[in-house]
Amino acid sequence: MRILMMAAVLAAGLAGPALALDEALDDARSELDTKLAETAGVISVSAGECSGKPCLTVFVEDPDPAQTKGIPREFKGYPVEVKEGVIGF
């Protein structure tokens, strides 16, 4: 029984930093989504990985630099990627 309890404590400790990172990334995604909500051409903001590292992706109607100049390249310490998105289902 003691071994099982130690394993559970170790597993929780190892998962802790990853869960904290996921929460911080999602918080940053939510904040950026709110910040860009009224920006013309922005469709949505998602959280994920870019080149194996946590990042935020902003989906836009037109990825032309003239249209995306108000989108930050980094937000809350995470790189921001801009991609063309599609509106609709």
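Remember, it's a predicted structure, so these values are computed and weren't measured experimentally.
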Identify the heavy atoms of Val86 and Ile43 that sit nearest to each other, and give their distance.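 Smallest interatomic distance, heavy atoms only, reads N-CD1, 3.9 Å.
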If every non-hydrogen atom of Leu32 is compared with every non-hydrogen atom of Pro72, which pair is closest and at what distance?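 In terms of heavy atoms, the two residues are closest at CD1-CG, 3.9 Å.
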Please check if the number of heavy atoms outside Glu74 that lie under 6.0 Å from its CD is greater than 12.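 Yes, the 6.0 Å shell around CD holds more than 12 heavy atoms from other groups.
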Exercise answer: donor-acceptor pairs, residues 52-71 side-chain atoms, under 3.5 Å, sequence neighbours excluded:
from: Asp62; atom 1: OD1; to: Asp64; atom 2: N; distance (Å): 3.1
from: Asp64; atom 1: OD1; to: Ala66; atom 2: N; distance (Å): 2.8
from: Thr68; atom 1: OG1; to: Asp64; atom 2: O; distance (Å): 3.4

Checking Val82 against Arg73 for the side chain to side chain contact (heavy atoms under 4.5 Å, CB included) test, could you report, in this order, the C-alpha distance in whole Å, the side-chain angles of both residues, the deciding distance, and whether it holds? CA-CA 9 Å; Val82 176; Arg73 298 299 170 222; 3.2 Å; yes
Going from [atom1] on [X] to [atom2] on [Y], what distance comes out if it is rounded to the nearest 0.5 angstrom?
{"X": "Thr39", "Y": "Asp33", "atom1": "OG1", "atom2": "CG", "value": "10.0 Å"}
{"X": "Ser44", "Y": "Lys83", "atom1": "OG", "atom2": "NZ", "value": "11.5 Å"}
{"X": "Glu31", "Y": "Phe75", "atom1": "CD", "atom2": "CZ", "value": "4.0 Å"}

Please list, chain by chain and in numerical order, all residues satisfying side chain to side chain donor-acceptor pair (under 3.5 Å) with Lys35, sequence neighbours excluded.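 So Lys35 forms no side chain to side chain donor-acceptor pair (under 3.5 Å) with any residue.
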Is a donor on one side and an acceptor on the other found under 3.5 Å between the side chain of Thr34 and the backbone of Ser30?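 Pair found, side chain donor or acceptor close to backbone of Ser30.
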